[in-house]
Chemist: 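Pasting a structure here, questions to come.
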Amino acid sequence: MTNPSVAILTDSTASIPDSLKEELQIKEVAYYIHRGIETLRDLVTVQRKEFLCWLPTADELPKTANPGAGDYLKAFKQLASEGKRGDL
């Protein structure tokens with residue numbers, strides 16, 4: 001059982017199994033994936049299976065970028081305003 005006054009926030013590269021995220025109510029902030037001129041958000045606009053299928057066909061390897069301070073601030077504010085762990 002989790003403490004309702006504590007929230008866990010991580011980024012999407014933590015690769016925490018969905019069952020554990022649900023059980024512990026862990027929330028994630030998405031990493032950025034730059035695929036050519038396209039910018040994707042890990043587990044938001046592209047899922048791992050789709051990305052892994054595309055990767056062997058890529059002419060150029062994608063670049064990643066960690067979530068910015070603003071991404072985390074938004075997530076922390078959302079968690080604080082909800083007083084619970086709603087989806088981010």
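Heavy atoms only: backbone and side chains are in, while hydrogens, waters and symmetry mates are out. Residue indices begin at 1 and follow the sequence shown.
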Chemist: Restricting to pairs with a member in residues 11-30, which pass ring-ring contact (aromatic ring centres under 6.0 Å, His included), not counting sequence neighbours?
Modeler: none
Chemist: So do the side chains of D11 and N66 get within less than 4.5 Å of each other, counting heavy atoms only?
Modeler: no
Chemist: Which residues pass the salt bridge (Lys or Arg N to Asp or Glu O under 4.0 Å) test with R41, not counting sequence neighbours?
Modeler: none
Chemist: Between P67 and A30, what is the shortest heavy-atom contact and its length?
Modeler: CG-O, 3.3 Å
Chemist: With sequence neighbours excluded, tell me which residues meet salt bridge (Lys or Arg N to Asp or Glu O under 4.0 Å) with E38.
Modeler: R35
Chemist: What is the distance from atom OG of S12 to atom CD1 of I33, rounded to the nearest 0.5 Å?
Modeler: 7.0 Å
Chemist: What salt bridge (charged side-chain N to carboxylate O under 4.0 Å, His left out) pairs are there with at least one residue in residues 42-54, not counting sequence neighbours?
Modeler: none
Chemist: Can you give me every donor-acceptor pair (side chain of residues 51-61, partner residue at least two apart or in another chain, under 3.5 Å) with its distance?
Modeler:
unit_1: T57; atom_1: OG1; unit_2: W54; atom_2: O; d: 2.6

Chemist: Only counting residues at least two apart or in another chain, list the ones meeting salt bridge (Lys or Arg N to Asp or Glu O under 4.0 Å) with K21.
Modeler: D18, E28
Chemist: To the nearest 0.5 Å, what is the distance between CD1 (I8) and CD1 (I26)?
Modeler: 4.5 Å
Chemist: Sequence neighbours left out, what passes side-chain hydrogen bond (donor to acceptor under 3.5 Å, both in side chains) with Y31? Give chain and number order.
Modeler: none
Chemist: Does some side-chain heavy atom of K27 sit less than 4.5 Å from a side-chain heavy atom of L79?
Modeler: yes
Chemist: Can you tell me how far apart CD (Q25) and CG (L20) are? Round to the nearest 0.5 Å.
Modeler: 11.5 Å
Chemist: What residues, two or more places apart in sequence or in another chain, satisfy side-chain hydrogen bond (donor to acceptor under 3.5 Å, both in side chains) together with T39?
Modeler: H34
Chemist: Scan side-chain atoms only and decide if D71 and Y32 contain a donor-acceptor pair under the 3.5 Å cut-off.
Modeler: yes
Chemist: Name all residues meeting the side-chain hydrogen bond (donor to acceptor under 3.5 Å, both in side chains) criterion together with T10; count only those two or more places apart in sequence or in a different chain, and write none if there are none.
Modeler: none
